[in-house]
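Report on the following structure.
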Amino acid sequence: MPEGHTIHRLARDHRRKLTGGPLAISSPQGRAADAAAVLDGGELRDVDAFGKHLLYRFTTAAGEERTLHVHLGLFGRFRPRRVPPPEPRGQLRLRIVGAEHAADLSGPTACALMDPAEEHALLARLGPDPLRADADPARFLDALARRRISIAQALMDQSVIAGVGNVYRAEALHAERLDPHLPARELGEDRAAALWMRIAAQLADGVEDNRIVTAPGAREKPGRVRRSEAVCVYRRTACWTCGGSISSQKLVGRVLWWCPACQPAAGVSAPASSARR
DNA sequence: TTTTTATGGTCAC
DNA sequence: TGACCCTAAAAAT
């Protein structure tokens with residue numbers, strides 16, 4: 001589930017549904033018992049999202065300001081619940097129950113209190129997040145210009161750009177007709193700026209839809225569109241745009257998907273060079 | 001029923 | 001680069 005759009009959507013939803021009143025906070029599974037004990041009975045003031053990280057700003061029942069850091073990782077999920085919530089099923093790391101809304105968190109990579117120093121260190125190693133109004137695209141352009149790694153690898157590096165995951169990487173590169181193997185530094189300012197804009201737009205759509213829909217026209221009929229029909233290249237066999245065969249390759253532990261026809265290597269007939277990985 | 005896979009990330013070698 | 005962490009559902013047996 002979680003790329004940056006999921007995280008920002010959760011921040012928005014939880015800000016709206018869980019702030020403004022005392023919360024019962026527990027860790028049925030016990031693995032976040034310490035944080036739950038501190039936060040139980042407190043109030044949520046705000047929720048911040050940075051890339052794939054969530055920061056929940058609490059005022060505890062004792063009147064202290066504390067921040068809960070949540071990172072969903074690959075498997076983490078926040079599920080909305082009615083009040084009262086049902087008996088916990090499966091592994092439930094954290095349960096937050098307000099007067100009208102509740103939320104269950106399972107499988108996160110991180111769910112722990114974070115002090116200001118740790119938060120500072122976290123934010124310092126994150127690149128700009130296109131979903132944040134305070135994001136500086138110049139940092140993205142600079143990072144790309146300095147990297148020898150491929151653009152595909154660069155987009156997965158959260159210190160280059162925060163919030164992009166494996167689906168948006170594939171879809172944004174396809175939308176910009178960029179060969180994923182192109183070295184980041186060879187992108188050039190114009191194409192890098194266009195890529196930033198594309199990612200920002202796709203992520204923003206993702207927040208609104210609460211899912212990734214990048215296939216042209218598919219957003220107009222949400223709910224009816226299967227995932228495979230909502231994207232152009234990710235985990236597809238045929239390109240949504242041209243119908244050609246989609247290529248895939250394991251790259252640094254993740255599968256990269258692209259359309260060789262829509263995203264040709266610069267100078268296909270040129271002598272084999274470092275362009276291909 | 002078991003195995004594999006997944007939209008993520010860290011750490012040790 | 002691989003081991004590992006976390007959970008659930010799909011795919012394979």
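Here is the naming used below: chain letters follow the sequence lines, and residue numbers restart at 1 for every chain.
Scanning residues 27-38 of chain A for heavy-atom distances under 4.0 Å to DNA chain C yields A/Q29, A/R31. Residues of residues 158-172 of chain A having a heavy atom closer than 4.0 Å to DNA chain B, listed by number: A/Q158, A/G165, A/N166, A/V167.
Put simply, A/I7 and A/V207 are part of two different groups of oily side chains (I, L, V, M, F, W, Y) that touch within less than 4.5 Å, one to the next.
Taking the side chain of A/R79 as heavy atoms from C-beta on, and the options B/dA6, B/dT7, C/dA8, the nearest nucleotide is C/dA8. Closest to the A/R77 side chain, of the nucleotides C/dA9, B/dT7, B/dG8, is C/dA9. The listed nucleotides are C/dC6, B/dA6, B/dT10; the one nearest the side chain of A/R125 is B/dT10. The side chain of A/M156 lies closest to B/dG8 when the candidates are B/dG8, C/dC6, B/dT7. Comparing atom distances between the A/P2 side chain and each of B/dG9, B/dT7, B/dA6 picks out B/dT7 as nearest.
Ring orientation note: the planes of A/F78 and A/Y56 are tilted relative to one another, at an angle of 30° to 60°. The aromatic rings of A/F140 and A/W196 lie tilted to each other, with the angle between the two planes from 30° to 60°.
Between the CG atom of A/L72 and the C1' atom of B/dT7 there is a distance of 11 Å, rounded to whole Å. Atom CZ of A/F78 is separated from atom P of C/dC6 by 18 Å (rounded to the nearest Å). Atom-to-atom, NE2 of A/H5 to P of B/dT7 comes out at 13 Å; the value is rounded to the nearest Å. Atom NE2 in A/H69 sits about 15 Å away from atom P in B/dG8, given to the nearest Å.
Considering A/R12, A/R9, A/R219 as possible partners of A/E208, the one that fulfils the salt bridge (Lys or Arg N to Asp or Glu O under 4.0 Å) test is A/R12.
Heavy atoms of A/R227 sit under 4.0 angstrom from at least one base atom.
Atom P of B/dG9 sits at a distance of 22 Å from the matching atom of C/dA9, rounded to the whole Å. The gap from the C1' atom of C/dC6 to that of B/dT1 amounts to 23 Å, rounded to the nearest Å. On the C1' atoms, B/dT7 is 23 Å away from C/dT1, given to the nearest whole Å. Separation of the P atoms belonging to C/dC5 and B/dC13 is 15 Å when rounded to the nearest angstrom.
Side chains of A/R227 and A/R235 form a contact here, defined as non-hydrogen atoms less than 4.5 Å apart.
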